[in-house]
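Structure first, then comments.
Chain letters run A, B, ... following the sequence lines, proteins first and then strands; every chain starts at 1.
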Amino acid sequence: MPVLALVDCNAFYASCERVFRPDLAHRPVVVLSNNDGCIVARSPEAKALGIRMGQPAFQCADLLRRHQVAVFSSNYALYGDMSARVMDTLARFSPAMEVYSIDEAFLDLAGLPDPEAHARRMRETVRRHTGIPVSVGIGPTKTLAKIANRLAKTDPACGGVLDLCGRDDLERILGGVEVEEVWGIGRRHAAWLRGLGVRSALEFSRLPREVVRRRMTVVGLSTLLELQGVSCLDLEQAPAPPKSVVASRSFGRPVTEAGEMREAVAFHAARAAERLRGKGCVAGNILVFVQTNRFIAGEPQYAVSDTAAFAVPTADTAAVIRQGQAVLERIFKPGFRYKKTGVMLYGLEPAAARRGSLLESPRDAARSRALMQVVDGINARHGRDAVTFAATGVDRPWRMRQGSRSPRYTTVWDELPEVRAG
DNA sequence: TCTGGGGTCCTAGGACCC
DNA sequence: TCTGGGGTCCTAGGACCC
């Protein structure tokens, strides 16, 4: 029987901000999504105020002001770096670990005499080394570990750790878990289940398998079996190679001009190509999309995408920009107030595995790789965007708002926190 | 005025091939 | 005139996750 622990950082982004702002220790803190649009992280004090996850910031602006909530724009350089520190610490507690997301990891704790005690040590160590509070849920399957983790977080009696392995009151516990709280059951399926009269994780786990499979596919069936203690989702230690890379953003204000749109597409194309190189891949295909603001009722809506294949799989910024703009030409229609655009690169393969092609000369390919290496090298040393392509624009009047970003404390020299004596 | 961004997996259906 | 069965690949759409 597997023993799986899910370690999940509490209010991760908000906790990262607090590490560098001890004055905020017991104050409500929220972090906003890109473009300062939605709430994406809330400290416990902010949760207590009734601020919802994913809530548009403008809707609760009043509440934020009234309770003097500390508000931060998201700062991914900081969160990514803090995440790496947490994961490094966790890795010392198990030989088998899966980094599941920026703030979560599954660990295999099988064979330990006392997994719960181990988890408590782990929790203390992460806290001491990084300042980030975490919760640990333990169970015989990933889905049950997820549930354990949620209970560990919400029930103060747990002290941040809960082990569901070998509990004889498991059914009672699952009976108290709302069906929409189960990992893998989203809004649509929850609504359908409620319609059937299914309210709890326990009731879901007792549905006929064929009924679940027909409506929720094999994915839903796995969830059901995992709740019964049958492990269907393995620990994935090696990260799977990526299948696609996306770069997209909402605009800071509506865009109507083709020229601005071309700039933005070039900008995202360059970002996507950069990320692709970072992963050591080349892409065979590109997709470009544009869309208007679907929240504005009565305004003409337009949302389309189109794709193109590269003659030769590539990670060359110039090639990606060129092809991206060619696709944009086909889909851009004047007369709309655009909200967002983006570029997806897919059909990825490892750059190293690629063989030469009749369509490109080996010399061109080598020159492209050398140029990209120089660009990436300069940007790594002197900051992102030290060298850019002219097509990506200079002033970028369409770029997103980001009013309250904290310093990149741990990744940019100029923004290191200072400690003053006395 | 203001509503994120980046991913994965599954299924169905069409094109095409033998 | 009739009109199989099996396979692959691709795309679009839906659902979910953090």
Please give, in whole Å, the distance from dG7(B) P to Tyr76(A) OH? 12 Å
Is it true that atom CZ of Arg66(A) has more than 12 heavy atoms of other residues, nucleotides or ligands lying nearer than 6.0 Å? yes
Pair Thr392(A), Arg271(A): side-chain N/O donor-acceptor within cut-off below 3.5 Å: no
Side chain of Arg249(A), heavy atoms from C-beta onward: which of dG4(B), dC18(C), dG5(B) has the nearest atom to it? dG5(B)
Phe267(A)-Trp398(A) aromatic ring centre distance below 6.0 Å: yes
Taking atom types as modelled, find out whether Ser250(A) and Asn34(A) have a side-chain donor-acceptor pair closer than 3.5 angstrom. no
Looking just at side-chain N and O atoms, do Arg42(A) and Gln55(A) make a donor-acceptor pair shorter than 3.5 Å? no
Can you see whether Tyr79(A) engages Glu17(A) through a side-chain donor-acceptor pair at a distance of less than 3.5 angstrom? yes
Let's see if you can work this out: which of dT3(B), dC18(C), dA15(C) has an atom nearest to the side-chain heavy atoms of Cys38(A)? dT3(B)
The complete set of salt bridge (charged side-chain N to carboxylate O under 4.0 Å, His left out) pairs with one or both residues in residues 283-300 of chain A, sequence neighbours excluded, reads Glu299(A)-Arg337(A)
Looking at dC17(C), I'd like to know if its phosphate oxygens (OP1 or OP2) sit under 4.0 Å from a side-chain N or O belonging to Ser101(A). no
Checking contacts here: which listed nucleotide (dG6(B), dA15(C), dG4(B)) is nearest the side-chain heavy atoms of Val246(A)? dG6(B)
Using a heavy-atom cut-off of under 4.0 Å over every strand shown, decide if Ile185(A) touches base, sugar-phosphate, or nothing. sugar-phosphate
Distances under 3.5 Å between protein N/O atoms and the N/O atoms of nucleotides 10-14 of chain B, please, pair by pair.
none

Distance-only side-chain donor-acceptor flag, Ser135(A) / Asp8(A), under 3.5 Å: no
What residue among Arg399(A), Arg253(A), Arg396(A) forms salt bridge (Lys or Arg N to Asp or Glu O under 4.0 Å) with Glu260(A)? Arg253(A)
Rounded C1' spacing from dC17(B) to dG4(C) in Å: 14 Å
If pairs are Watson-Crick or G-U with both distances under 3.5 Å, what is the dot-bracket string of DNA chain C, marking crossing pairs with [ ] and pairs to another strand with |? ....||||||||||||||
So, does Ser248(A) get its side chain near the phosphate of dG6(B), meaning an N or O under 4.0 Å from OP1 or OP2? yes
Here's a test of your reading of the structure: between Ala240(A) and Gly54(A), which maps to the more 5' nucleotide of DNA chain B? Gly54(A)
Out of dG4(B), dC18(C), dG6(B), which has the shortest distance to the side chain of Val40(A)? dG4(B)
Ignoring backbone atoms, test whether Lys243(A) places a side-chain nitrogen or oxygen under 4.0 Å from the OP1 or OP2 oxygen of dC9(B). yes
Look at all strands and tell whether Arg271(A) reaches a base, only sugar-phosphate, or nothing, counting heavy atoms closer than 4.0 Å. nothing
Assign Thr307(A) to base, sugar-phosphate, or nothing according to its heavy-atom contacts below 4.0 angstrom with the strands shown. nothing
Check the distance between dT3(B)'s P and Ile39(A)'s CD1 and give it to me in whole angstrom. 13 Å
Rounded to the Å, how far apart are Tyr100(A) OH and dC16(C) P? 13 Å
May I ask you to check whether Gln301(A) and Thr292(A) show a side-chain donor-acceptor distance below 3.5 Å? yes
Does Glu104(A) reach a base, just sugar-phosphate, or nothing at all? Heavy atoms under 4.0 Å. sugar-phosphate
In whole Å, I'd like the distance from the OH atom of Tyr13(A) to the P atom of dC18(C). 12 Å
Which part of the nucleic acid, if any, lies within contact of Val31(A), taking any heavy atom under 4.0 Å across all strands shown: a base, the sugar-phosphate backbone alone, or nothing? nothing
Can a side chain N or O of Lys146(A) be found less than 4.0 Å away from OP1 or OP2 on dC18(C)? yes
When you measure from the side chain of Pro56(A), which nucleotide among dC18(C), dT3(B), dG6(B) comes out closest? dT3(B)
Expressed as a whole number of angstroms, how long is the span from Leu32(A):CG to dT3(B):C1'? 12 Å
Is Arg215(A) near enough to dA15(C) that one of its side-chain N or O atoms lies under 4.0 angstrom from OP1 or OP2? no
With rounding to the nearest 0.5 Å, note down the distance linking OG1 in Thr89(A) to CZ in Arg128(A). 10.0 Å
Using only side-chain N and O atoms of Trp183(A), determine if any of them is under 4.0 Å from OP1 or OP2 of dC18(C). yes
Using whole Å, report how far CD of Glu299(A) lies from C1' of dT3(B). 14 Å
Euclidean distance, atom CG of residue Asp103(A) to atom P of dG7(B) [Å, nearest integer]: 16 Å
At under 4.0 Å between heavy atoms, what does Ala247(A) touch on the DNA or RNA strands: base, sugar-phosphate, or nothing? sugar-phosphate
